[in-house]
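Just so we're on the same page: letters track the sequence lines, and every chain starts at 1.
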Amino acid sequence: MNYWVLKSEPTAYSIDDLKRDKRTAWEGVRNYQARNFMKDMAVGDLVLFYHSSTEPVGVAGVAKVASLAHPDESQFNKRDHHFDPKATAEKPIWHCVDVSFVHKFKEPIPLGAIKADPNLRGILLAAQGSRLSVQPLAEKHFKYIVDELA
DNA sequence: GCCAACGTTGGC
DNA sequence: GCCAACGTTGGC
């Protein structure tokens with residue numbers, strides 16, 4: 001079992017939206033590295049749901065991978081902001097997994113607390129210039145955040 | 001709103 | 001295949 005971080009701007013899609021929807025396709029990722037990580041995901045993998053561009057930025061809760069990667073439908077939709085003219089149904093370019101809601105933390109764990117914690121040294125989330133919206137996460141870091149910080 | 005970091009594009 | 005220009009991300 002593997003662990004991951006998924007970032008989202010809460011104005012676009014928040015953990016409350018996921019709580020309401022229970023499950024959603026994680027569409028709109030348009031970065032090859034992030035896409036490749038989603039292809040590596042397995043059903044049941046656990047995910048930290050991270051809120052970016054908000055106050056405070058940080059981990060808002062836990063989600064779970066609910067499907068293997070499948071073609072991201074938004075790449076085919078001309079009206080969608082994430083439309084990709086180079087993608088075809090036969091040769092889709094972008095893939096996404098479904099994720100389901102697990103838990104929302106009472107208070108989000110601020111990025112600052114994650115950066116300051118020596119137990120989380122090396123976590124990709126705290127790395128300088130870490131813009132990737134889908135990131136792998138060490139099991140020990142996942143457990144520490146959920147068990148000790150949440 | 002600024003800007004550093006990073007990814008992508010495209011001319012050569 | 002290099003690399004400058006450009007676009008995007010995302011913390012601050």
Tell me the interatomic distance from [X], atom [atom1], to [N], atom [atom2], rounded to whole angstroms.
| X | N | atom1 | atom2 | answer |
| --- | --- | --- | --- | --- |
| L125(A) | dA5(B) | CG | C1' | 16 Å |
| Q135(A) | dA5(B) | CD | P | 17 Å |
| K86(A) | dT8(B) | NZ | P | 11 Å |
| E55(A) | dG10(C) | CD | P | 16 Å |
| Q128(A) | dA4(B) | CD | C1' | 8 Å |
| L132(A) | dT9(C) | CG | C1' | 11 Å |
| K7(A) | dA5(B) | NZ | C1' | 11 Å |
| L124(A) | dA5(B) | CG | C1' | 14 Å |

### Message
As a test of reading the structure: which of dG7(B), dT8(B), dC12(C) is closest to the side chain of R131(A), going by heavy atoms?
### Response
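Among dG7(B), dT8(B), dC12(C), the one nearest the side chain of R131(A) is dG7(B).
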### Task
Go through dC12(C), dG7(B), dG10(C) for me and flag the one nearest to the N31(A) side chain.
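Nearest listed nucleotide: dG7(B).
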### Message
Under 4.0 Å, counting only non-hydrogen atoms across every strand here, what does E9(A) touch: a base, just sugar-phosphate, or nothing?
### Response
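Nothing, no nucleic acid heavy atom in range.
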### Task
If the plane angle is over 60° it's perpendicular, under 30° parallel, otherwise tilted; pick one for F142(A) and Y3(A).
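The arrangement is tilted - the two ring planes meet at 30° to 60°.
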### Task
Describe, in one word, how the ring planes of W4(A) and F37(A) are oriented to each other, choosing from parallel (under 30°), tilted (30 to 60°) and perpendicular (over 60°).
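It falls in the tilted class, 30° to 60°.
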### Query
Testing R30(A), H82(A), R79(A) for side-chain hydrogen bond (donor to acceptor under 3.5 Å, both in side chains) with S74(A), which one passes?
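In the set R30(A), H82(A), R79(A), the residue that makes a side-chain hydrogen bond (donor to acceptor under 3.5 Å, both in side chains) with S74(A) is R30(A).
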### Task
Using a strict cut-off of less than 4.0 Å between a Lys/Arg side-chain nitrogen and an Asp/Glu carboxylate oxygen, indicate whether K19(A) and D16(A) qualify as a salt bridge.
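A salt bridge is absent here (no side-chain N lies under 4.0 Å from a carboxylate O).
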### Query
Within less than 4.0 Å of OP1 or OP2 of dG11(C), is there a side-chain N or O belonging to Y50(A)?
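Yes.
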